[in-house]
There are 2 protein chains.
Amino acid sequence: MNSVISYYTTSFGELWEKSLFDLVRDAIKGVLKESSLENNQIDAVFFGNMLGGVVDNTVLSSGHIAEILGTTIPIYRTEGACASGGLAFNLADQYLSTNPDKTVLVVGAEKMTDVSVEDVTKGLGAAASIDEQEAGLTFPGLYGMIAHVYMQKYGYAEEHLAAISVKNHDHGTLNDKAQFRKKVTLEQVLASPYVASPLKMLDSSPISDGAAALVLSNKQSLTKKKNTVSILSSATAADTVSLAKRKQIEQLEATTVAAKKAFKEAKISPKDIQLAEVHDCFSIAEILAMEDMGFWERGSGGNHALNMDTHRDSGNKLIVNSSGGLKSAGHPVGATGIKQLGELYLQLTGQAEKRQISNVHYGLAHNVGGSGGVAVVCILGV
Amino acid sequence: MNSVISYYTTSFGELWEKSLFDLVRDAIKGVLKESSLENNQIDAVFFGNMLGGVVDNTVLSSGHIAEILGTTIPIYRTEGACASGGLAFNLADQYLSTNPDKTVLVVGAEKMTDVSVEDVTKGLGAAASIDEQEAGLTFPGLYGMIAHVYMQKYGYAEEHLAAISVKNHDHGTLNDKAQFRKKVTLEQVLASPYVASPLKMLDSSPISDGAAALVLSNKQSLTKKKNTVSILSSATAADTVSLAKRKQIEQLEATTVAAKKAFKEAKISPKDIQLAEVHDCFSIAEILAMEDMGFWERGSGGNHALNMDTHRDSGNKLIVNSSGGLKSAGHPVGATGIKQLGELYLQLTGQAEKRQISNVHYGLAHNVGGSGGVAVVCILGV
């Protein structure tokens, strides 16, 4: 059985003193230490990174990582915008399925603060269609349009979105690696300035630096140890890069297709999940994801959000974004998908310390690229 | 058995009227037509591309390709500089090994002429280490240093390198899709201006646009048809991004390691190969590759090159770069690895028309990223 056997993440935030490959080195060292493995016990590396070569002048990460590890093993970089980390995990899972008795590293990293906000916004905007870019649309604008359509269709107000941020900031206060570890109130979210109507600053995930790494293995000697978690499924789907070419604006079909496949492969259904780490790049995105994956009925998401039905103190069975989500924990884009899976790993193995949730047997991670051009859904279990 | 069932490539060259995704669309349409498959018969796509987001503002190619195909299947982009195509093939081969009864597209593409030569040179330079970039080194400079070390160590002159270009240009005259379809003489190569001593303009592969695509399958209904080729192995290895950190300058260890693994998996040895498509980004690179893969003894490469031992008219058993190589066929970097494999496919199935080589049973493709930070070696057979 392909399993996650260890996890390490750097802090997420404005890490001025660290370069992209400083962060990668820290994450690799950290995860190898966690698993008591040496460099030469790793058989391959899968690296998720979006902005290498876009906001800096660094591609061919295989060579950079070979230098860190001092090895000649296969090393792959994959890019699917903000889903780069989830895609790297998906490829690593495939690699293990075809190669018995192997151990691999999955690393996600992003360095976003070394350039101006304008340049990083333009870099992120490269994941929009050419038409959208030429129209001046950035991702807050695209998700703002999605939010308008959703709110209008189902009769919701800005406070329904804002509640997602309140919940995720609450959760983030318990995560020492989170970029923001403070509560925000519904009033504060609503009073924060618009980024792209109806989305406000506090509806939006930040610009972050960070790296996260997992060790996966299918070696019996490692997977039978304490603190390992089974990979029940990992699925990805794609959709048009352009919003204008979608059948529906207020649904992300890539998420729906990937989730269906992931549930089918894992042989469980949404009601079996106790913890979901969901791609809340903007507050609206968490609401859509919950509907798209079948956790909530279509159109009911705004009410669930305002009720804080997935808050860790809700008393309900399903908690969402115990890490603080992208909103509070931060969103170094290539690292996000790995951090989501790492959060599941920590919670499923009882290592989540002060934010530990009880009775977690199945966890789901949901990672999106662009406005839904790609999605990855993975299910882990103990 | 994982098999190549069809191949299509656009012309390589300065294709001013085509965008990156115009080229990708042309390659996908072409290869589907070749194999009489519909869009909905494809189960996944693996896309190799280096400069998306680097010289243009386009990442998240999954979404762009989903738009072309009108599908939600898994679509992966991988980047390993000039080995992006080979890596995409390697991942596709792994995918088929773990997923029975599937058919996948492997596409490689690059659009290099829409920006200034300075910008594309800087973009390509992103595959060098930060130190090398800061020292002002570009890839002609790096390979120039490698060439100096090789020539000095074994006592060769510039004409030994130049002969590689003469041979590959000879071969390219027979390839209608090649960027340059004209012969050059040894004198012309030696008289062309230095790009980075000892490498001259005619030792160097060009800046090119182009896209190439393969259909791979493990479905019996497709692999048993006429004109299919078995994938005997596909292996990749990494090495330090920086030349300064290598044990040897005049050997590419990534090539050696990947080739050893590829021969072992295919259960054959270099003497069994009748056709090799080798990564001749610069003339020196073909010489090193032939030694690194065990075709030629260490230090003998210059003599073999000057003798034109791998020319199609040499009468010898092993022909190298029947397509014209990167030098004459062109080098749209993400497409190159796929074009190499496509050339093997055409030759192995007797579809290479006027450049058909007789009695080809095993073919090898060798694709390199950067100055050797990554290499991919694949072996196909009939």
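When reading the values below, keep in mind they use all heavy atoms of this one structure, side chains included, and skip hydrogens, waters and symmetry mates. Quick note on labels: first sequence line is chain A, next is B, and so on, each numbered from 1. Not measured: the values here are computed from a predicted model.
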Main-chain N/O of A/Thr78 paired to B/Thr78 side chain as donor or acceptor, under 3.5 Å: no
B/Lys122 portion near chain A, given a 4.5 angstrom heavy-atom threshold: both
Chain A contacts, top residue of B/Asn90, B/Ile130, B/Ile75, B/Asn49 (heavy-atom pairs, under 4.5 Å): B/Asn90
Residue, of B/Ala126, B/Gly372, B/Ala81, B/Gly52, that accumulates the most heavy atom pairs under 4.5 Å with chain A: B/Ala126
A/Asn57 to B/Gly125 - nearest heavy-atom pair and separation: ND2-C, 4.3 Å
Under 4.5 Å from any heavy atom of chain B - which part of A/Ala127: both
Which atoms of A/Asp56 approach chain B - backbone, side chain, both or neither, heavy atom under 4.5 Å: neither
Side chain to side chain, A/Pro74 and B/Gln94, heavy atoms closer than 4.5 Å: no
Interface moiety of A/Glu79 toward chain B, non-hydrogen atoms closer than 4.5 Å: both
Any donor-acceptor N/O pair, B/Thr72 side chain to A/Ala238 backbone, under 3.5 Å: no
Rounded distance [0.5 Å steps], OG1 in B/Thr71 versus CG in A/Asp239: 9.5 Å
Largest heavy-atom contact set with chain A, pairs under 4.5 Å, which of B/Phe21, B/Phe47, B/Tyr95: B/Tyr95
Other residues, nucleotides, ligands: >12 heavy atoms within 6.0 Å of A/Lys219 NZ: yes
Interface residue of largest heavy-atom contact number with chain B, from A/Ile68, A/Ile73, A/Leu87, A/Asn99, under 4.5 Å: A/Ile73
Closest-packed option against chain A by number of heavy-atom pairs under 4.5 Å, given B/Thr236, B/Leu51, B/Val376: B/Thr236
Among A/Ala258, A/Ala375, A/Ser97, residue most engaged with chain B (heavy-atom pairs, under 4.5 Å): A/Ser97
Nearest heavy-atom neighbours spanning B/Ser242 and A/Glu67: N-OE2, 3.0 Å
Among the listed options A/Val54, A/Val374, A/Val45, the residue most often paired with chain B at heavy-atom distances under 4.5 Å: A/Val54
Residue that, paired with A/Val241, satisfies side chain to side chain contact (heavy atoms under 4.5 Å, CB included) out of B/Thr58, B/Val59, B/Leu60, B/Ile65: B/Leu60
